[in-house]
Amino acid sequence: MNISEKQTTAMKLLATYKFLTSSQFVNLGLYETAGSVTKILKELADMDKPFVDKVNPASNVKDGRLPSLYYLTKYGVDYLISNGIKEENIKYQAGVISSAPGDYFHKCKTIDFHIELRKWLEANSGKILFIDYYFDKKGNNRSGKKEEYVEAQCSIKVQEESEKSIIPDLNVQFEINDTEYLFLFEQHNGQDSKRLMKDLALHLIAINQNSASKKYNFERSNRVAVVCEHEGTKNATIERLKKISEFNLYHQYFIFKTNQELENDFFDNWTLINGDSVNFIGKSL
């Protein structure tokens, strides 16, 4: 089978984002319609040694049938390597891939953030230096050493004595206008603001201890970007944080949006704990 330029582009996009739905491919400009995307991916999936595969998430009553998540197979990875893509630049997941609706939505929204971040950087001559998802893994459970067991690549130890860690949904370091930034990202689905508060309390400890900065040899403190499914959850969390004295000196390190706000405008109109509006890199509006 002759691989078209569009099909090669589709595989390169999967190498960058790891998983994509047909609508995310459309957002990335591969084609104007999801149907056109599905057609060329089906050809890649129907080969004797398929270059791509897909996971069909379990349907539920609320959301009905959900779009498939496409990903590279080992044959697709080999094809890209043979065409000049470095293996370390290819995101690829071997083994079992979750089809649970909850994890599906979490993956999709985390990848949406990655897409919008990368689009903004590319439009402004910026670049990503590294990016890790919560579903990027490293290690080997067969190792005789506990410290070498499988864990999320973005896992950050915040309390060494208790081996307590935080696993953000995405960690990214990028450069723009000759300045480097380190962000940890949290996608919060549902309306449980108390659960989100527990995560942010660990983030505060990590900032105090420079945990992420030490892990990535970054000279300044990281920031935390939080995107909530529901506006009410975002607002309730901010109001709770305002009343916690430990956060008083750290308002500028946490920024908030909803998924809808992110879709409307990635860069501007993030909200600090004190209610101020800033852009993504922290400048007041």
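Just so it is clear, the structure is predicted and the values come from calculations on it, not from any experiment.
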Donor + acceptor pair across side chains of Ser68, Asn56 (<3.5 Å)
yes
Those residues at least two apart in sequence (or on a different chain) that pass salt bridge (Lys or Arg N to Asp or Glu O under 4.0 Å) with Lys242 are Glu239
Is it the case that the side chain of Lys257 and the backbone of Asp268 share a donor-acceptor pair, with hydrogens and angles ignored and the cut-off at 3.5 Å? yes
When you measure from the side chain of Arg223 to the backbone of Leu182, do you find a donor-acceptor pair of N or O atoms at a distance under 3.5 Å?
no
Contacts of Ser211 meeting side-chain contact (heavy atoms from CB on, under 4.5 Å) (sequence neighbours excluded), chain-then-number -> Ile156, Val158, Ala206, Gln209
Would a 4.5 Å heavy-atom cut-off, applied to side chains only, mark Phe218 and Glu180 as touching? yes
query = Crowded around Glu175 CD? As in, over 12 foreign heavy atoms under 6.0 Å?
reply = yes
Side chains of residues 120-127: which donor-acceptor pairs under 3.5 Å do they make with residues two or more places apart or in other chains?
unit_1 : atom_1 : unit_2 : atom_2 : d
Asn124 : ND2    : Trp120 : O      : 2.7

- Non-hydrogen side-chain atoms of Lys39 and Glu43 separated by less than 4.5 Å: yes
Name the atoms and distances for all side-chain donor-acceptor pairs under 3.5 Å in residues 74-81, with sequence neighbours left out.
unit_1 : atom_1 : unit_2 : atom_2 : d
Tyr79  : OH     : Thr8   : OG1    : 3.3

Check your understanding: Take atom NZ in Lys198; do more than 12 heavy atoms of anything else shown fall under 6.0 Å from it?
Key -> no
Item checked: Gln93 side chain reached by Tyr71 side chain, heavy atoms, under 4.5 Å -> no
Validation: residues 14-30 side-chain donor-acceptor distances under 3.5 Å, sequence neighbours left out:
unit_1 : atom_1 : unit_2 : atom_2 : d
Thr16  : OG1    : Lys12  : O      : 3.2
Lys18  : NZ     : Phe135 : O      : 3.3
Lys18  : NZ     : Asp136 : OD1    : 2.6
Thr21  : OG1    : Ser23  : OG     : 3.0
Thr21  : OG1    : Gln24  : N      : 3.2
Gln24  : OE1    : Thr21  : N      : 2.9
Gln24  : NE2    : Cys108 : O      : 3.2
Gln24  : NE2    : Asp112 : OD1    : 2.9
Asn27  : OD1    : Lys119 : NZ     : 2.8
Asn27  : ND2    : Glu116 : OE2    : 3.2

Margin query: Any non-hydrogen side-chain atom of Thr38 less than 4.5 Å from a side-chain atom of Leu41?
Written below: no
| field | Side chain proximity check, Gln7 to Val52, heavy atoms < 4.5 angstrom | value | no
Thr258 meets the side-chain contact (heavy atoms from CB on, under 4.5 Å) criterion, sequence neighbours left out, with Glu231, Lys234, Gln260, Glu261
Given ring-ring contact (aromatic ring centres under 6.0 Å, His included), test Trp270 with Phe256 step by step and report yes or no. CA-CA 5 Å; Trp270 290 82; Phe256 297 82; 8.8 Å; no
task = Indicate yes or no: at least one non-hydrogen side-chain atom of Leu272 is less than 4.5 angstrom from one of Ile255.
result = yes
**Report entry** Full working for side chain to side chain contact (heavy atoms under 4.5 Å, CB included) between Val224 and Phe183
**Finding:** CA-CA 6 Å; Val224 181; Phe183 271 79; over 6 Å; no
Scanning both residues in full, the closest heavy-atom pair of Cys154 with Tyr134 reads SG-CA, 3.5 Å
Hey, any chance Val278 and Ile281 share a hydrophobic cluster, counting ILVMFWY side chains that come within less than 4.5 Å of each other, even indirectly?
yes
Residue pairs meeting ring pair (Phe, Tyr, Trp, His ring centres under 6.0 Å), one or both in residues 26-50, sequence neighbours left out, come to none
side-chain contact (heavy atoms from CB on, under 4.5 Å) filter on Thr179, not counting sequence neighbours, yields Tyr181, Arg220
Is there a path of hydrophobic side-chain contacts, each under 4.5 Å between heavy atoms of I/L/V/M/F/W/Y residues, joining Ile273 to Ile244? yes
Residue set satisfying ring-ring contact (aromatic ring centres under 6.0 Å, His included) with Phe185, at least two apart, ordered chain then number -> Phe113
Residue pairs passing the ring pair (Phe, Tyr, Trp, His ring centres under 6.0 Å) test with at least one member in residues 186-216, sequence neighbours excluded, are Phe130-Tyr216
Applying side-chain contact (heavy atoms from CB on, under 4.5 Å) to Lys86 and not counting sequence neighbours gives Glu88, Asn89
Q.
Tell me whether Val55 shares a hydrophobic cluster with Tyr70, the cluster being built from Ile, Leu, Val, Met, Phe, Trp, Tyr side chains joined at under 4.5 Å.
A. yes
Practice prompt. Answer yes or no: is there a donor N or O on one side and an acceptor on the other, between the side chain of Lys215 and the main chain of Ser155, under 3.5 Å?
Written response: yes
- Between Ile167 and Ile131, is there a shared hydrophobic cluster once you connect ILVMFWY residues whose side-chain heavy atoms come closer than 4.5 Å? yes
Closest heavy-atom pair, Thr233 versus Gln191, reported as atoms and distance to 0.1 Å, is OG1-CA, 3.3 Å
**Message:** For the backbone of Lys214 and the side chain of Asn210, can you confirm whether one donor and one acceptor N or O come within less than 3.5 Å of each other?
**Reply:** no
Sub-4.5 Å side-chain heavy-atom contact between Glu246 and Asn208 = no
Residues 233-253 vs ring pair (Phe, Tyr, Trp, His ring centres under 6.0 Å), sequence neighbours excluded, gives Phe247-Phe254, Tyr250-Tyr253
Between Asn259 and the options Gln187, His230, Glu229, the side-chain hydrogen bond (donor to acceptor under 3.5 Å, both in side chains) test singles out Gln187
Side-chain heavy-atom pair Ile166, Glu186 within 4.5 angstrom cut-off: yes
